[in-house]
Participant: 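Would you mind keeping the following structure in view while I ask a few things?
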Amino acid sequence: MAERREAGVARAPVERVIELAGVSKVYDTGRVAVRALDDVDLRLEAGGYMAIMGPSGSGKSTLMHILGCLDTPTSGSYFLRGHEVSQYARKKLAQVRNREVGFVFQRFNLLPRLTAAENVELPLLYAGASAERRREVVADLLAKVGLSDRGHHRPNELSGGEVQRVAIARALANDPAIILADEPTGNLDSKSEEDLMQLLDSLNEKGKTLVVVTHEDSVARHAKRVITLHDGRVV
């Protein structure tokens, strides 16, 4: 927990959702060691909104994979809501990922044979939620993203903006500590991009912690904080 002080008066502690300390990631290709991340320190409190920028090969994807518990550092520590997850075994890491992280991918990653409602329901199934609970949560989330009347449609029957809204609803299914969005507007037209960013902004205003990986200034401007990576380091 971080404690804020103002004019010498202690305020309520603020939960630190993300804390990276000296995190490095090295990939050994056999001939050469590639340092994708190099001694990264990073902190983000609950309710924060951070954009991660940088050129191709700068380490953005590697950092997102570590933040999302898809990978672990070669060295250094990653604390997620106060728990050091950097040394967790794969099975435990998967449990943390399903419970604490919501993903929004550039290519959506929805299952084409499932309806919008069934795609949103998937994380709840993995978490073992009851059928009644799943119905309630799915209905509520589809309403929040403005798709109450589209739940029975499959992804190929939806527009690009609607598909991305389904992906956001799915990311929210287990009420995660953080939402990670990887180039979330890359496949959208300008109107759909603006609608999507307004939706992400509204989620942050309601207290959700957001991390957006992007190369677009128009997307990064929505964040409260922007960091830039270059050669695996924060610059």
Participant: Rounded to the nearest 0.5 Å, what's the gap from OG on Ser56 to NE2 on His215? Could you check?
Facilitator: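 Nearest 0.5 Å value for the OG-NE2 distance: 10.5 Å.
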Participant: Is there a path of hydrophobic side-chain contacts, each under 4.5 Å between heavy atoms of I/L/V/M/F/W/Y residues, joining Ile52 to Val101?
Facilitator: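 Result: yes, single cluster for both.
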Participant: Does Leu110 reach the side chain of Leu158, with side-chain heavy atoms less than 4.5 Å apart?
Facilitator: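 A side-chain contact under 4.5 Å is absent here.
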Participant: Which pair of heavy atoms, one from Leu111 and one from Pro155, lies closest together, and at what distance?
Facilitator: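 So the minimum-distance heavy-atom pair works out to O-CG, 3.8 Å.
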Participant: Do side-chain atoms of Lys208 reach the backbone of Pro176 as a donor and acceptor pair under 3.5 angstrom?
Facilitator: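 Looks like yes, one N/O pair under 3.5 Å.
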Participant: Which pair of heavy atoms, one from Arg134 and one from Glu121, lies closest together, and at what distance?
Facilitator: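 Between these two residues, the closest heavy atoms are NE-OE2, 2.6 Å.
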Participant: Any side-chain heavy atom of Asn109 within less than 4.5 Å of one from Arg170?
Facilitator: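 Asn109 reaches Arg170 side chain to side chain.
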Participant: Apply side-chain contact (heavy atoms from CB on, under 4.5 Å) to the pair Val213 and Ser61, showing each step before the final yes or no.
Facilitator: CA-CA 8 Å; Val213 176; Ser61 294; 5.8 Å; no
Participant: Keeping the roles fixed (side chain from Tyr78, backbone from Leu67), state whether a donor-acceptor pair exists under 3.5 Å.
Facilitator: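 Checked: pair present.
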Participant: If the threshold is 4.0 Å, N to carboxylate O, is there a salt bridge linking Asp195 and Lys191?
Facilitator: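 Salt bridge present between Asp195 and Lys191.
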Participant: Distance check, rounded to the nearest 0.5 Å: Thr214 atom OG1 versus His222 atom NE2?
Facilitator: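 Going from the OG1 atom of Thr214 to the NE2 atom of His222 covers 10.0 Å.
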Participant: To the closest 0.5 Å, what do you measure between CD1 (Ile179) and CG (Leu200)?
Facilitator: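 Output value for this atom pair is 7.0 Å.
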Participant: So which atom in Thr62 and which in Ala36 form the shortest heavy-atom distance, rounded to 0.1 Å?
Facilitator: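 The pair with the smallest heavy-atom distance is OG1-CB, 3.6 Å.
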Participant: Mind checking the CE-NE2 spacing from Met53 to His230? Nearest 0.5 Å is all I need.
Facilitator: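 It is 14.5 Å, given to the nearest 0.5 Å.
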Participant: Spell out, as yes or no, whether a donor-acceptor pair under 3.5 Å connects the side chain of Thr185 to the backbone of Glu193.
Facilitator: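 Checking the backbone N and O of Glu193 against the side chain of Thr185, no donor-acceptor pair under 3.5 Å is found.
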Participant: Are Leu44 and Leu42 connected in the hydrophobic side-chain network, where two residues link if heavy atoms are under 4.5 Å apart?
Facilitator: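 They do share one cluster, since a chain of ILVMFWY contacts under 4.5 Å joins Leu44 to Leu42.
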Participant: Using every non-hydrogen atom in the two residues, find where Val104 and Ala171 come nearest and quote the distance to one decimal.
Facilitator: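 Looks like CG2-CB, 3.8 Å.
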Participant: Please step through side-chain contact (heavy atoms from CB on, under 4.5 Å) for the pair Asp231 and Asp38, ending with a clear verdict.
Facilitator: CA-CA 8 Å; Asp231 291 338; Asp38 188 5; over 6 Å; no
Participant: Check whether any side-chain N or O of Glu118 sits under 3.5 Å from a backbone N or O of Thr115 as a donor-acceptor pair, and report yes or no.
Facilitator: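 Yes; at least one donor-acceptor contact below 3.5 Å.
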Participant: Strictly by modelled atom types, are Tyr49 and Asp201 linked by a side-chain donor-acceptor pair under 3.5 Å?
Facilitator: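 On atom types as modelled, these side chains qualify, holding a pair under 3.5 Å.
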Participant: Check whether more than 12 heavy atoms from other residues, nucleotides or ligands sit under 6.0 Å from atom NZ of Lys92, and answer yes or no.
Facilitator: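 Open.
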Participant: Verify whether one side chain among Ser86 and Glu84 offers a donor that lies under 3.5 Å from an acceptor in the other.
Facilitator: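 Side chains of Ser86 and Glu84: pair found under 3.5 Å.
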Participant: Measure across Glu162 and Leu147 and return the closest heavy-atom pair with its distance rounded to 0.1 Å.
Facilitator: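 Glu162 and Leu147 have their closest heavy atoms at O-CD1, 3.5 Å.
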Participant: Would you say Asp41's side chain and Gly22's backbone share a donor-acceptor pair under 3.5 angstrom?
Facilitator: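 At least one qualifying donor-acceptor pair exists.
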Participant: Between Lys60 and Gly54 (side chain of the first, backbone of the second, donor and acceptor by atom type, cut-off under 3.5 Å), is there such a pair?
Facilitator: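 Checked: pair present.
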Participant: Are Leu141 and Leu122 connected, step by step, through hydrophobic side chains (Ile, Leu, Val, Met, Phe, Trp, Tyr) whose heavy atoms are closer than 4.5 Å?
Facilitator: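 Hydrophobic grouping puts Leu141 apart from Leu122.
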Participant: Please check if the number of heavy atoms outside Arg133 that lie under 6.0 Å from its CZ is greater than 12.
Facilitator: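 Result for CZ/Arg133: open.
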Participant: For residues Cys69 and Leu80, determine if any side-chain heavy atom of one lies less than 4.5 Å from a side-chain heavy atom of the other.
Facilitator: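 When only atoms from C-beta onward are counted, Leu80 and Cys69 do touch, with a gap below 4.5 Å.
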Participant: The test is side-chain contact (heavy atoms from CB on, under 4.5 Å); show your working for Glu100 and Arg81 and say whether it passes.
Facilitator: CA-CA 9 Å; Glu100 302 286 5; Arg81 297 184 73 176; 3.0 Å; yes
Participant: Let me confirm one number: the OH-CZ distance from Tyr126 to Arg97, rounded to the nearest 0.5 Å.
Facilitator: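 Here the rounded value is 11.5 Å.
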Participant: Does any N or O in the side chain of Asn204 come within less than 3.5 Å of the main-chain N or O of Gly47, such that one atom is a donor and the other an acceptor?
Facilitator: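 Answer holds: yes.
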Participant: Please tell me whether Val96 and Val17 are part of a single hydrophobic cluster in this structure, the criterion being side-chain heavy atoms less than 4.5 Å apart.
Facilitator: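 Yes; tracing contacts between hydrophobic side chains, which count when under 4.5 Å, links both residues.
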Participant: Any side-chain heavy atom of Leu210 within less than 4.5 Å of one from Met50?
Facilitator: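 No - every pair of side-chain heavy atoms lies 4.5 Å or more apart.
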Participant: Applying side-chain contact (heavy atoms from CB on, under 4.5 Å), run through Thr72 and Ile66 and close with a yes or a no.
Facilitator: CA-CA 6 Å; Thr72 54; Ile66 289 175; over 6 Å; no
Participant: Could you tell me whether the side chain of Gln164 and the main chain of Pro184 form a donor-acceptor pair under 3.5 Å?
Facilitator: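 Yes; at least one donor-acceptor contact below 3.5 Å.
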Participant: What's the spacing between Leu203 CG and Thr209 OG1 if we round to 0.5 Å?
Facilitator: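 Leu203 atom CG to Thr209 atom OG1 measures 11.0 Å (nearest 0.5 Å).
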Participant: Minimum heavy-atom separation for Lys144 to Leu199, with atom names?
Facilitator: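 Looks like O-CD1, 4.3 Å.
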Participant: Determine whether His83 and Tyr88 make a side-chain contact, defined as any pair of heavy atoms from C-beta on separated by less than 4.5 Å.
Facilitator: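 Side-chain contact under 4.5 Å: yes.
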Participant: Examine distances only and state if a side-chain atom of Arg150 and a backbone atom of Glu157 form a donor-acceptor pair shorter than 3.5 Å.
Facilitator: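 Indeed, once roles are kept as given, a pair shorter than 3.5 Å links the two residues.
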Participant: So, do Arg43 and Ile18 sit near enough that their side-chain heavy atoms are less than 4.5 Å apart?
Facilitator: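 In short, these two side chains do not touch, never coming nearer than 4.5 Å.
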Participant: Check whether Leu93 and Val23 end up in the same hydrophobic cluster, where Ile, Leu, Val, Met, Phe, Trp and Tyr are linked by side-chain heavy atoms less than 4.5 Å apart.
Facilitator: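 Shared cluster, yes.
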Participant: Give a yes or no on whether the backbone of Pro123 and the side-chain of Asn174 come within a donor-acceptor separation of less than 3.5 Å.
Facilitator: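 Yes, the answer is positive, given that a donor and an acceptor are paired below the 3.5 Å cut-off.
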Participant: Mark yes when over 12 heavy atoms from residues, nucleotides or ligands other than Tyr27 sit less than 6.0 Å from its OH; otherwise mark no.
Facilitator: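 Above 12, so yes.
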